[in-house]
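All remarks here apply to the structure that follows.
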Amino acid sequence: MTSNTPILKAQAIQKSFDGNTILNGVDVVLEKGEIIVLIGPSGGGKSTLLQCINCLVIPDDGQIELEQQPIDFSNKQDLYRLRQQVGMIFQEFNLFDHLTALDNITIALRKVKKLDRNTAEKRARLELEQVGLGEKGDLYPAQLSGGQKQRVAIARALAMDPKILLLDEPTSALDPDLIGEVISVIKNLAAKGMTMIMATHQISLISTLADHILFMENGQIVESGTPKELLAKGNVNKTQGFCDRLNELATGEQ
Amino acid sequence: MDFSPFYQELFSSLNRGLLMSVALIVPSAIGGVLIGITAGCLRAYGNRAVRLLGNGYAAVFRGTPLVVQLFVLYFGLPNLGIYFSPYAAAVTGFILCSGAYQSEYIRGALLSIKRGQYAGAHALGLTHFQTIFWIIIPQAVRRAIHGCGNEIIYLIKYSSLAYIVTCLELTGEGKTVATEYFRFTEVFIIIGLYYLALVTCASFLLKIIEKRLYIPGFGHK
């Protein structure tokens, strides 16, 4: 782990929907270049936590600081600025259905970063090539496979030069034979030093990429540590058990 | 080939009426769509007060006969010191009535767009207004286009009510000739053919617009 000052600090995040507590005082501290992996059973609050971090869902209580700057949840400009700096990858891709792969990327460059069309397109093509889709720029989302859609979504987020990337189960909606292409893109990002928080059930991402694992259950972080600490042989804890089951599933499939 | 005086008068009247009809329909269709998009957005996204206002507008103009609306505009408003020419009264009535129906199609289309599209846009830093303007409306228009086109075709036909406020278009001109010669059946059949031609042209234009807005695979999920 690096010893920089944290790039992102989320403290005592609380969120409930209709009286159901989804997040109950969650703390996350992320350093530059670090990769945190969130694991745990469905409904444990992983997605909500990620959405709270870039304020797609406004926390009921708690504090978020990006580079030591606290975010004022009631100030829209603050929220827009936060989201521009924190990229997000969704399980369901959320590509804009009416725009080509290229325009999916250029729209935010043009409307948010105010780049002119040419500059935006150049940047977008570059990002598409980075994820191996240089030829697919003119296709619409419906003409792409799931894996290709997710790679476009990653290119779209990266084009905004985010300081942090949040990935919410990026491979969970994909057919097994399409997962590989997305994993290799994510591994590439990690190799380039991208700072990430990722919720995933993908055992190969957990064990190879994580600098830090957070195990979430019932809206709380119940275990936290490096993969070495948590996944060492002979350890008995929730993370270990969970990963063992994922492993069994993964080997069972082959 | 020489037409009898009856047909000469009929066709010159109907052609004059046709021009008036087109002059009524085109601005009404465009205005109706614009009002429909605006009112549809306000009804889908506005705060309580705005929504109430939008819903009230739609309820009144969808809930009362167009004839009544035209009467009020042309014969009622002068009592309040507001005077419309027959043409202005007709176009205003058509725009307001058509807009109310269009707003319903647009509102439905807006509400059918999945949350993920908003999340995707917000996550990139687009403001709420930018998200609606650049991401949601372009998709909603494509979903609403068939309904909106249908409403425009209705509009072409209810434009015949303009003669009620003494704006003589196809039906009004035809009716005058028919009364003069007492030959209603053939006159109204010919008027019908004129409308059929108008609707055919409009359908053709709508097809072209649909083609231009077509996106492979859009809406087939």
Side-chain angles (χ1 to χ4, degrees), chain A residues 47 50-51 53-58 76-100 103-114 138-144 149 152-153 155-162 164-168 173, chain B residues 33 36-37 40-41 44-47 50 105-149 206 208-221:
Chain A
S47 276
L50 290 175
Q51 291 183 14
I53 287 175
N54 72 346
C55 291
L56 281 184
V57 169
I58 307 289
K76 284 204 165 139
Q77 296 311 318
D78 249 28
L79 301 185
Y80 295 143
R81 217 166 327 139
L82 169 75
R83 292 182 194 141
Q84 283 173 38
Q85 300 181 60
V86 180
M88 178 120 186
I89 304 299
F90 300 89
Q91 184 175 347
E92 299 289 344
F93 330 124
N94 293 346
L95 291 184
F96 306 132
D97 294 331
H98 66 304
L99 296 176
T100 60
D103 288 340
N104 256 281
I105 303 175
T106 57
I107 185 97
L109 291 176
R110 287 169 55 208
K111 304 305 168 195
V112 178
K113 292 212 158 185
K114 313 285 182 200
D138 295 330
L139 295 185
Y140 287 93
Q143 298 170 307
L144 298 170
K149 280 185 215 174
V152 172
R156 178 173 78 171
L158 293 179
M160 299 297 286
D161 295 315
I164 302 167
L165 200 57
L166 308 174
L167 300 99
D168 186 4
Chain B
V33 168
I37 292 179
C41 286
Y45 299 120
N47 60 27
V50 171
Y105 293 116
I106 298 284
R107 188 178 74 102
L110 287 170
L111 296 178
S112 76
I113 307 290
K114 278 191 287 186
R115 305 303 311 167
Q117 297 288 309
Y118 294 86
H122 286 153
L124 288 166
L126 271 80
T127 65
H128 194 54
F129 180 79
Q130 284 176 324
T131 301
I132 290 171
F133 193 82
W134 294 106
I135 307 299
I136 306 303
I137 289 182
Q139 295 188 30
V141 164
R142 285 175 170 86
R143 290 200 179 184
I145 185 159
H146 302 96
C148 292
L206 286 166
I208 291 177
I209 295 175
E210 268 175 43
K211 269 215 182 94
R212 290 211 48 173
L213 292 180
Y214 172 75
I215 282 169
F218 181 79
H220 296 282
K221 273 182 294 181

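Order of the sequence lines sets the chain letters (A, B, ...), proteins ahead of strands, with each chain counted from 1. Since we're looking at a predicted model, the values are computed, not measured.
- Contacts between Phe96(A) and chain B at a heavy-atom distance below 4.5 Å involve backbone atoms as well as side-chain atoms.
- Interatomic distance, CG of Asn104(A) versus CD1 of Ile135(B), reported as 7.5 Å (0.5 Å rounding).
- The contact between Tyr80(A) and chain B is made by backbone and side chain atoms together, counting heavy-atom distances below 4.5 Å.
- Nearest heavy atom pair, residue His98(A) against residue Pro138(B), reads CD2-CB, 3.4 Å.
- Formation of a donor-acceptor pair under 3.5 Å by the Gln143(A) side chain with backbone atoms of Pro216(B) is not found in this model.
- Panel note: side chain Asn94(A), backbone Gly116(B); a donor-acceptor pair is recorded below 3.5 Å.
- Using a distance-only test at 3.5 Å, with no hydrogens or angles considered, a donor-acceptor pair links the side chain of Gln117(B) to the main chain of Leu95(A).
- When all heavy atoms are compared, the tightest approach of Phe90(A) to Ala123(B) is CZ-CB, 3.8 Å.
- Here CG of Leu124(B) is found 6.0 Å from CE of Met160(A). Values are rounded to the nearest 0.5 Å.
- Residue Gln130(B) holds its CD atom at 8.5 Å from CD1 of Ile107(A), rounded to the nearest 0.5 Å.
- With rounding to the nearest 0.5 angstrom, the CD1 atom of Ile215(B) is 7.0 Å from the CG atom of Leu99(A).
- Contacts of Arg81(A) with chain B are absent, with no heavy-atom separation under 4.5 Å from either backbone or side chain.
- In terms of heavy-atom pairs under 4.5 Å with chain B, the best-connected choice from Gln84(A), Lys111(A), Met88(A), Lys113(A) is Lys111(A).
- With rounding to the nearest 0.5 angstrom, the CZ atom of Arg83(A) is 10.5 Å from the CG atom of Leu126(B).
- Taking CG of Asp97(A) as the start and CZ of Arg142(B) as the end, the distance is 10.5 Å to the nearest 0.5 Å.
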